[in-house]
Amino acid sequence: MFYFERRITVKTVADMPAAVQFAIAVTSYLNKRHSLKMKTGVELFGHANLCWYFDTESLDKLTQLNATLMQDREYIQMLDRVKGLWVEGSVKDTIVTLLG
């Protein structure tokens with residue numbers, strides 16, 4: 001079992017409400033459309049980061065999911081509409097092997 005997390009930094013404090021609204025909407029969409037059981041959250045201290053995270057059974061399934069998402073027009077359109085909200089180059093993906 002693996003844990004996947006994507007973290008991204010919001011450009012300005014003024015962008016945070018729109019970024020949070022997007023985070024909730026995209027999480028809901030991905031959970032309904034792709035059955036991910038994804039959750040989202042806002043980092044409390046430090047940078048203005050949003051996080052998305054979910055568990056996956058295998059790295060192969062994660063690779064398949066990514067390929068599927070790159071073909072999902074509605075998802076791509078959602079991403080395109082919020083390009084200006086993020087600090088360029090701030091996306092960080094983390095994959096953790098879960099033990100026990």
Side-chain angles (χ1 to χ4, degrees):
M1 181 73 72
F2 297 88
Y3 169 87
F4 174 85
E5 178 185 274
R6 172 161 289 166
R7 183 177 300 258
I8 192 165
T9 303
V10 179
K11 200 177 272 186
T12 69
V13 174
D15 292 324
M16 187 57 89
V20 169
Q21 185 177 21
F22 165 76
I24 292 167
V26 79
T27 300
S28 177
Y29 173 78
L30 292 173
N31 286 340
K32 288 177 187 172
R33 175 86 176 175
H34 300 285
S35 304
L36 292 183
K37 298 182 183 176
M38 178 185 286
K39 295 183 181 182
T40 189
V42 177
E43 191 172 318
L44 291 180
F45 305 104
H47 299 287
N49 288 327
L50 289 177
C51 304
W52 292 267
Y53 53 96
F54 63 93
D55 293 338
T56 184
E57 293 175 19
S58 71
L59 295 178
D60 288 338
K61 290 204 181 230
L62 190 57
T63 300
Q64 289 171 350
L65 172 63
N66 189 56
T68 299
L69 291 178
M70 292 302 99
Q71 299 301 314
D72 184 332
R73 289 183 184 181
E74 190 170 345
Y75 173 66
I76 298 299
Q77 289 173 349
M78 292 175 85
L79 295 177
D80 286 342
R81 285 193 293 265
V82 296
K83 281 183 183 177
L85 295 178
W86 320 118
V87 172
E88 190 172 331
S90 68
V91 174
K92 181 181 179 194
D93 292 344
T94 303
I95 300 172
V96 176
T97 299
L98 298 176
L99 306 173

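Side chains are part of it too, since the values below use all heavy atoms of this structure and drop only hydrogens, waters and symmetry mates. Throughout, numbering of the chain's residues begins at 1 and tracks the sequence.
- Of all heavy-atom pairs spanning A14 and P17, the tightest one is O-CD, 3.4 Å.
- Evaluation of the side chain to side chain contact (heavy atoms under 4.5 Å, CB included) rule for K39 yields Y53 as partners, not counting sequence neighbours.
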Could you list the donor-acceptor pairs under 3.5 angstrom formed between side-chain atoms of residues 75-91 and any protein atom two or more places apart in sequence or on another chain?
from	atom 1	to	atom 2	distance (Å)
W86	NE1	V82	O	3.2
S90	OG	T9	N	3.1
S90	OG	V87	O	2.7

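- One distance of note links CG of L65 with NE2 of H34; it measures 7.0 Å at 0.5 Å rounding.
- Shown here are the salt bridge (charged side-chain N to carboxylate O under 4.0 Å, His left out) partners of D72, two or more places apart in sequence or in another chain: R33.
- Hydrophobic cluster membership of V13, counting Ile, Leu, Val, Met, Phe, Trp and Tyr whose side-chain heavy atoms lie under 4.5 Å apart directly or via other members: none, as it forms a cluster of its own.
- Applying the side chain to side chain contact (heavy atoms under 4.5 Å, CB included) criterion to V20, with sequence neighbours excluded, gives M16, I24, V42, L50.
- Summarising the geometry, atom CG belonging to L69 is positioned 12.0 Å from atom CD belonging to E74; distances are rounded to the nearest 0.5 Å.
- Under the side chain to side chain donor-acceptor pair (under 3.5 Å) criterion, E5 pairs with Y3, R7, sequence neighbours left out.
- Rounding to the nearest 0.5 angstrom, the gap separating the CG atom in L59 from the CD1 atom in I95 is 5.5 Å.
- Listed by chain and number, the residues in a side chain to side chain contact (heavy atoms under 4.5 Å, CB included) with S35 amount to none (sequence neighbours excluded).
- Hydrophobic cluster membership for F45: L44 (Ile, Leu, Val, Met, Phe, Trp, Tyr linked by side-chain heavy atoms under 4.5 Å, directly or transitively).
- Residues M1 and V96 share a hydrophobic cluster, clusters being chains of Ile/Leu/Val/Met/Phe/Trp/Tyr side chains in contact below 4.5 Å.
- Here T12 pairs with D15 under the side chain to side chain donor-acceptor pair (under 3.5 Å) rule; sequence neighbours left out.
- Environment of CD in Q21: sparse, with no more than 12 heavy atoms of neighbouring residues, nucleotides or ligands closer than 6.0 Å.
- No continuous path of ILVMFWY side-chain contacts below 4.5 Å connects L36 to L98, so the two sit in separate hydrophobic clusters.
- Between L62 and F4, some side-chain heavy-atom pair lies under the 4.5 Å cut-off.
- Remark: T27 engages N31, M38, T40, W52 in a side chain to side chain contact (heavy atoms under 4.5 Å, CB included) (not counting sequence neighbours).
- Annotation: side chain to side chain donor-acceptor pair (under 3.5 Å) contacts of R6 (sequence neighbours excluded): D93.
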